[in-house]
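One structure is given below, encoded as structure tokens.
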There are 2 protein chains.
Amino acid sequence: MAKQNTVFKEAFNRCLKLLAETATLPSEPELGTVLGVSRTTIRAILTRLEELKLITWDKRAKAVLRQPEPADYYPAEETDSLSDIIERSFMRRILAGGAEPGMQINELELARDIGTGTTSVREFLIRFSRFGLIEKRPNSHWILKGFTREFALELTEVREMFELRSAHSFVALPEDHPAWAELSRIEALHHEILGDIDRRYREFSELDERFHRLLHKSSSNRFIVDFYDIIAIVFHYHYQWNKANARERNARALEEHLAYIAALRGRDPVKAEDACRRHLRSARETLLQSIQ
Amino acid sequence: MAKQNTVFKEAFNRCLKLLAETATLPSEPELGTVLGVSRTTIRAILTRLEELKLITWDKRAKAVLRQPEPADYYPAEETDSLSDIIERSFMRRILAGGAEPGMQINELELARDIGTGTTSVREFLIRFSRFGLIEKRPNSHWILKGFTREFALELTEVREMFELRSAHSFVALPEDHPAWAELSRIEALHHEILGDIDRRYREFSELDERFHRLLHKSSSNRFIVDFYDIIAIVFHYHYQWNKANARERNARALEEHLAYIAALRGRDPVKAEDACRRHLRSARETLLQSIQ
DNA sequence: AAACTGTCTATTGTAGATAAAAGACAAAAA
DNA sequence: TTTTTGTCTTTTATCTACAATAGACAGTTT
């Protein structure tokens with residue numbers, strides 16, 4: 001196959017959900033906007049819906065025949081984009097497996113392992129290299145620099161510089177800036193999760209990213225904003241493979257966030273900086289502890 | 001062609017220079033180390049040298065028959081790696097040509113323009129995207145964000161944070177650290193160039209990069225070190241297409257560097273910070289002036 | 001014994017091909 | 001007149017193939 005039709009399958013599944021909710025379908029361009037795909041894909045979806053006798057379709061007349069059933073959906077494995085599959089597979093190898101720093105990474109072997117072409121693996125590695133975990137020897141292999149203590153320290157050093165700067169920008173944001181409303185929503189979610197921490201502590205990871213991205217965004221600096229991608233990917237996989245004491249860790253982080261949010265609200269740069277430092281110090285400790 | 005033999009041609013040219021200097025050739029593995037290529041390539045070079053009747057070659061017996069002539073060298077156009085060609089061509093388009101922010105970038109068109117396959121263009125764009133000047137729409141084109149005033153401000157903001165931090169690390173380096181010796185060599189070169197500024201002002205660009213990279217390296221932080229790649233590429237092309245007042249600009253920057261170097265030598269963090277700020281402020285002004 | 005050469009294999013860099021997806025434009029419908 | 005559909009073209013994502021390059025190993029030379 002030249003290209004996998006994951007865009008179609010994933011959009012098809014979302015279209016089924018839409019159908020279950022609304023029981024009616026808008027025009028092709030409108031559907032395209034809603035699902036975020038081109039009209040070509042929309043027409044492929046409509047064709048498939050017709051084949052499955054979910055709808056009848058003739059020009060702009062679209063009649064729903066029946067509600068979608070679980071069997072109508074494409075299985076989840078088929079809707080993941082190739083680059084997601086490669087990323088997951090690669091991260092498992094270097095974070096979970098016993099991957100030693102200095103190890104060679106071989107495009108061909110990776111591709112065979114994952115069952116994909118070399119081009120996609122190669123492009124993934126190029127994209128991934130900006131995270132500073134691998135390095136290319138031209139005309140030869142890649143070198144794994146490893147998820148080491150040094151890496152974590154270098155990462156957090158920059159993170160602290162960037163987030164302090166962002167926190168300063170944040171408190172200077174005008175009263176009516178939408179970030180304040182978003183901050184309130186985030187704060188409310190913190191209280192919700194803390195109120196039912198035993199059951200909901202796993203939601204922290206996502207909320208954490210949402211909170212810190214909001215802060216970084218207020219720097220209005222693409223390099224600072226983009227740097228959060230590195231932090232996010234590290235923490236994302238780190239949380240997945242390090243579940244020890246997750247409940248306590250997350251509860252503490254949530255409390256720290258609340259103090260941090262309160263300080264931001266107070267518009268006091270010094271207090272905000274203080275809360276920021278305190279939280280980042282403890283985040284760094286958590287990360288370092290998990291490494292060895 | 002599947003792969004261009006620019007590695008061979010470029011190494012061949014360097015080997016000719018070596019031959020002109022030493023008039024004798026070491027063993028294959030040793031040549032490989034000197035030229036930084038594999039023995040496979042070395043043997044291809046030796047074969048070619050023999051064909052051109054520059055040497056006789058039988059196992060380890062290599063006798064030089066004559067000195068290389070200009071005609072023996074491969075022309076410079078053939079020794080540039082494909083990615084360099086693509087980079088130059090792309091940078092000319094977006095810096096020199098009237099490329100508007102928001103413009104679409106089309107892989108196929110770029111490839112046709114440069115006369116290369118799409119794969120290489122695509123990989124270049126992925127690698128280049130970390131510089132924050134372009135952005136991908138998945139399944140669709142790239143967007144040029146443009147070399148704008150905002151870009152320059154965001155770039156210099158981070159640069160200043162990183163370089164201040166690096167300058168602080170630098171003054172704390174132990175007395176016997178090799179960086180101090182390199183700093184002296186760099187300082188001497190500054191005096192040399194300033195002494196003959198009218199003729200040698202063009203050498204500033206390279207020296208500037210060498211000086212700042214030395215500083216950034218002392219941070220021992222891969223993110224800070226890697227960030228200099230962005231600064232380097234921006235200034236590199238910026239110097240190429242903006243030659244107005246180059247002599248005066250460079251002379252002033254050299255003086256600033258000397259003050260900066262003296263402050264670093266004094267091991268006084270406050271003075272070093274001061275000199276650093278002063279130089280970076282003027283570097284920013286220079287960059288901003290050239291944008292509009 | 002250490003280094004070198006001959007030979008062979010494996011991997012990378014790049015082009016070319018192709019299905020999937022995007023998107024352009026004219027004709028048709030509201 | 002604005003939106004929608006039918007049709008067609010262009011571009012992207014991905015695979016496969018292959019020359020260039022790296023690298024391994026055994027036999028040979030110093």
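Each chain gets a letter, A, B and so on, in the order the sequences are listed, and its residues count up from 1. Heavy atoms only: backbone and side chains are in, while hydrogens, waters and symmetry mates are out.
For A:Arg39, taking side-chain heavy atoms from C-beta onward, the closest of the listed nucleotides C:dT12, D:dT28, D:dT5 is D:dT5. For B:Val7, the listed nucleotide lying nearest its side chain is D:dT21; candidates were D:dT5, D:dT14, D:dT21. Taking the side chain of B:Asn106 as heavy atoms from C-beta on, and the options D:dT29, D:dT14, D:dT11, the nearest nucleotide is D:dT11. When distances are taken from the side chain of B:Glu28 to each of C:dA22, C:dT5, D:dT7, the shortest belongs to C:dT5. The side chain of A:Leu82 has D:dT14 as its nearest neighbour among D:dT14, C:dA21, C:dT14. Closest to the side chain of B:Phe8, out of D:dT21, D:dC18, C:dA21, is D:dT21. Among C:dA22, C:dT18, D:dT21, the nucleotide with an atom closest to any side-chain atom of B:Asn139 is C:dA22.
A salt bridge links A:Glu109 to A:Arg93: one of the charged nitrogens lies within less than 4.0 Å of a carboxylate oxygen.
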Residues 223-234 of chain B, side-chain donor-acceptor partners within the protein, below 3.5 Å, at least two apart:
{"from": "B:Asp229", "atom 1": "OD1", "to": "B:Arg213", "atom 2": "NH1", "distance (Å)": "3.1"}
{"from": "B:Asp229", "atom 1": "OD1", "to": "B:Arg213", "atom 2": "NH2", "distance (Å)": "3.2"}
{"from": "B:Asp229", "atom 1": "OD2", "to": "B:Arg130", "atom 2": "NH2", "distance (Å)": "2.8"}

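Across all strands, A:Thr41 comes closer than 4.0 Å only to sugar-phosphate atoms, never to a base (heavy-atom distances). At the heavy-atom level, A:Glu109 lies nowhere under 4.0 Å from the strands shown. Nucleic acid contact for B:Arg112: sugar-phosphate only, since backbone atoms but no base atoms lie under 4.0 Å from a heavy atom of the residue. Using a 4.0 Å heavy-atom cutoff across all strands shown, A:Lys9 reaches no nucleic acid atom at all.
At the phosphate of C:dG23, OP1 or OP2 sits under 4.0 Å from a side-chain N or O atom of B:His141. Taking 4.0 angstrom as the limit, B:Thr116 places a side-chain polar atom (N or O) nearer than this to OP1 or OP2 of C:dA15. An OP1 or OP2 oxygen of C:dA21 is reached within less than 4.0 angstrom by no side-chain nitrogen or oxygen of A:Thr40. The shortest distance between the side-chain N/O atoms of B:Lys59 and the OP1/OP2 oxygens of D:dG27 is not below 4.0 Å. Distances shown here put a side-chain N or O of A:Lys62 below 4.0 Å from the OP1 or OP2 atom of D:dT5. At least one side-chain nitrogen or oxygen of B:Arg43 sits closer than 4.0 Å to the OP1 or OP2 atom of C:dG6.
Straight-line distance from the CD1 atom of A:Ile85 to the P atom of D:dC15: 10 Å, rounded to whole Å. Rounding to whole angstrom units, CZ of residue B:Arg137 and P of C:dG23 are separated by 10 Å. To the nearest angstrom, C1' of D:dT14 lies 8 Å from CZ of B:Arg122. With rounding to whole Å, B:Trp57 atom CH2 is found 12 Å from C:dC4 atom C1'. Across the protein-nucleic acid pair, B:Ile45 atom CD1 and D:dT21 atom P stand 9 Å apart, rounded to whole Å. The separation between A:Leu25 atom CG and D:dT4 atom P is 14 Å, rounded to whole Å.
In terms of polar N and O atoms assigned as donor or acceptor, the side chain of B:Thr118 never comes within less than 3.5 Å of the base of C:dG16 in a complementary pairing. Interface remark: the B:Ser120 side chain does not form any donor-acceptor pair with the C:dG13 base, using a distance-only criterion of under 3.5 Å. Not a single donor-acceptor contact under 3.5 angstrom links the side-chain atoms of B:Ser27 to the base of C:dA3. A donor N or O paired with an acceptor N or O is found under 3.5 Å between the base of C:dT12 and the side-chain atoms of B:Lys3. Remark: the A:Ser140 side chain and the D:dA22 base include no donor-acceptor N/O pair separated by less than 3.5 Å.
The residue among A:Ile105 and B:Arg60 whose nearest nucleotide of DNA chain C is located toward the 5' end is B:Arg60.
B:Arg48 forms no cation-pi arrangement with B:Tyr73, by the criterion of a distance under 6.0 Å to the ring centre and an angle within 45° of the ring axis.
With a 4.5 Å cut-off on side-chain heavy atoms, A:Leu155 and B:Asn221 do not count as touching.
Using a 30° and 60° split on the angle between ring planes, B:Phe235 and B:His238 fall in the perpendicular class, above 60°. Ring orientation note: the planes of A:Phe162 and B:Phe162 are close to parallel, at an angle under 30° on the 30°/60° scale.
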Query raised in the report: Are A:Asn13 and A:Asp72 close enough, and set up right, to give a side-chain contact (heavy atoms from CB on, under 4.5 Å), and what steps lead you there?
Result: CA-CA 8 Å; A:Asn13 282 358; A:Asp72 296 322; over 6 Å; no

